[in-house]
Amino acid sequence: MNSIKLFIKNKEQQTIINQLHTLKEDIYKRGEKADRENGFPLESFQDLLTIDYNAITLPKEYGGKGFGIYDMILFQETLASFDGPTALAIGWQLGVVGEIYDKKIWSETHLKQFAEAIVHDRALTNRAVSEAITGSPTRGGRPGTNAVLIDGKWHISGRKSFMTLSYALTHFLTSAWIEEKNAIGFFLIPKETDGISIEETWDMIAMRGTASHDLVLDQVILPEDALVEINDGPRSNNINGWALHIPAVYLGIAQAARDYAVRFASSYTPNSLPGPIGDLPHVQDKIGQIELKLMAARHFIYSVAEKVESESTHAHISNELGAAKNIVVNSAIEIVDLAMRIVGAKSLQNNNPLNRYYRDVRAGLHNPPMDDMTIIKLAQAALQDVKN
């Protein structure tokens with residue numbers, strides 16, 4: 001059996017997965033419609049909130065579900081097999097909340113206040129960091145968005161791109177340059193704040209249902225305590241296992257492509273053959289390659305998740321985190337390609353799910369960390385080992 005079932009460890013995990021499966025059909029249909037119309041499946045996120053999915057990674061002491069990184073990967077892979085964009089969008093909430101509360105990045109007062117919003121007001125947030133002038137935020141570019149403290153109030157103006165989940169967010173965790181501190185600050189900004197608007201700029205061939213539009217901040221004024229964290233260097237320098245929510249999505253898409261291709265191979269019988277195309281050696285070869293790639297990617301990411309959650313290995317897992325994203329995403333791209341080769345020209349039809357999987361899975365190449373950064377870090381670590 002080559003599936004997620006092998007990695008479920010307890011009843012608590014199974015319960016959440018069962019809850020997700022009750023939403024499967026509607027999430028799939030809405031995702032298909034959002035892709036076709038470049039829309040946003042708001043109802044899917046509302047459904048996820050009914051099972052408190054926004055509180056999955058919030059610790060129990062703050063009123064959340066208290067699930068960890070390994071658990072999150074299980075849930076995100078499952079959800080992504082229904083609809084990749086929906087999983088990627090909500091995944092930022094899980095990853096951001098997981099990291100903030102795990103590392104206690106904010107003050108206790110801020111942690112308690114936002115936990116209340118998550119549990120009682122169904123709050124959703126995402127980091128607003130990407131800007132056209134900086135490229136990928138993980139490369140350390142200084143944001144063009146600026147924050148100035150005047151008479152006890154923060155004044156912020158700027159523009160953020162790729163604001164995933166924009167229409168459903170209740171709070172924007174926005175980065176801005178603070179000149180007097182010579183550092184990047186993050187401000188928690190409620191969506192109702194004056195000067196906040198969404199400009200519809202998301203017009204991509206992939207992940208169309210994520211509503212990753214631009215966030216515009218036009219003379220936004222905030223209280224002094226809206227500043228919740230300060231960074232004096234690239235956030236990519238930190239070990240963050242919660243970022244594994246990203247490759248988990250592409251693993252789920254790969255599983256969906258695999259399932260479609262295997263069902264097709266088992267049922268499609270052209271009149272030139274005595275049985276289904278799955279009986280043909282060259283089709284079995286492709287299915288076998290899919291199984292092998294899926295198996296290797298899944299074992300790798302779940303193994304890394306276990307090690308990042310272990311005190312004995314956590315401090316040494318940085319390169320493996322980047323490698324997990326690289327291996328899973330590139331394997332997923334290859335799996336979808338093999339699935340399309342099995343199905344043939346029908347996989348290119350607009351109404352064929354493989355068409356969507358093919359486009360969505362390539363978006364993973366542009367999610368952090370970037371492949372070149374991962375490879376260079378692996379090389380540098382190898383060279384350093386020799387010196388030591």
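Throughout, residue positions are numbered sequentially from 1 according to the sequence presented.
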| task | Verify the ring-centre separation between His21 and Phe82: is it less than 6.0 angstrom? | result | yes
| Is the distance between the ring centroids of Phe7 and Tyr302 less than 6.0 Å? | yes
| Should Thr170 and Asp121 be marked as a side-chain contact (heavy atoms from CB on, under 4.5 Å) after you check the CA-CA gap, both sets of side-chain angles, and the distance that decides it? | CA-CA 9 Å; Thr170 60; Asp121 302 325; over 6 Å; no
Donor-acceptor check, side chain of [X] to backbone of [Y], threshold 3.5 angstrom: yes or no?
| X | Y | answer |
| --- | --- | --- |
| Ser212 | Phe162 | no |
| Glu99 | Gly95 | no |
| Arg208 | Met204 | yes |
| Asn330 | Asn326 | yes |
| Glu77 | Ile4 | no |
| Thr193 | Ile189 | no |
| Thr57 | Leu94 | yes |
| Ser331 | Ile327 | yes |
| Asp83 | Tyr28 | no |
| Ser310 | Glu306 | no |

Take atom [atom1] of [X] as the centre, draw a 6.0 Å sphere, and report whether it contains more than 12 heavy atoms from other residues, nucleotides or ligands.
| X | atom1 | value |
| --- | --- | --- |
| Lys103 | NZ | yes |
| Lys307 | NZ | no |
| Asp385 | CG | yes |
| Glu180 | CD | yes |

Rounded distance [0.5 Å steps], [atom1] in [X] versus [atom2] in [Y]:
| X | Y | atom1 | atom2 | answer |
| --- | --- | --- | --- | --- |
| Asn231 | Ile184 | CG | CD1 | 6.5 Å |
| Leu149 | Ile178 | CG | CD1 | 8.5 Å |
| Leu165 | Phe172 | CG | CZ | 9.0 Å |
| Arg127 | Lys160 | CZ | NZ | 11.5 Å |
| Leu188 | Thr125 | CG | OG1 | 5.5 Å |
| Phe187 | His171 | CZ | NE2 | 15.5 Å |

Partner of [X] by side-chain contact (heavy atoms from CB on, under 4.5 Å), out of [options]:
| X | options | value |
| --- | --- | --- |
| Leu48 | Leu124, Leu20, Asn54 | Leu20 |
| Tyr62 | Val119, Leu111, Val97 | Leu111 |
| Met340 | Leu348, Asn352, Ile335 | Leu348 |

| So Gln19 and Asp52, side-chain contact (heavy atoms from CB on, under 4.5 Å) or not? Walk me through it. | CA-CA 10 Å; Gln19 289 178 324; Asp52 299 324; over 6 Å; no
Checking [Y] against [X]: is there a side-chain donor and acceptor pair closer than 3.5 Å?
| X | Y | result |
| --- | --- | --- |
| Gln219 | Ser157 | yes |
| Thr145 | Glu131 | yes |
| Thr313 | His316 | no |
| Ser161 | Asp214 | no |
| Asn18 | Gln14 | yes |
| Tyr250 | Gln76 | no |
| Asn38 | Trp202 | no |

| request: Carefully, step by step, assess Arg298 and Leu251 under the rule side-chain contact (heavy atoms from CB on, under 4.5 Å). | output: CA-CA 7 Å; Arg298 184 172 281 125; Leu251 187 59; 4.2 Å; yes
| query | Does the ring pair (Phe, Tyr, Trp, His ring centres under 6.0 Å) test come out yes or no for Phe40 and Phe45, once each step is laid out? | reply | CA-CA 10 Å; Phe40 182 68; Phe45 299 98; 5.0 Å; yes
| query | In terms of ring plane angle, is the pair Tyr260 and Phe264 parallel, tilted or perpendicular, where the classes change at 30° and 60°? | reply | parallel
| said: Assess the residue pair Gln255 and Arg258 against the criterion (side-chain contact (heavy atoms from CB on, under 4.5 Å)); give the C-alpha distance rounded to whole Å, side-chain angles, the decisive distance to 0.1 Å, and a yes or no. | reply: CA-CA 5 Å; Gln255 180 70 51; Arg258 175 263 187 200; 3.6 Å; yes
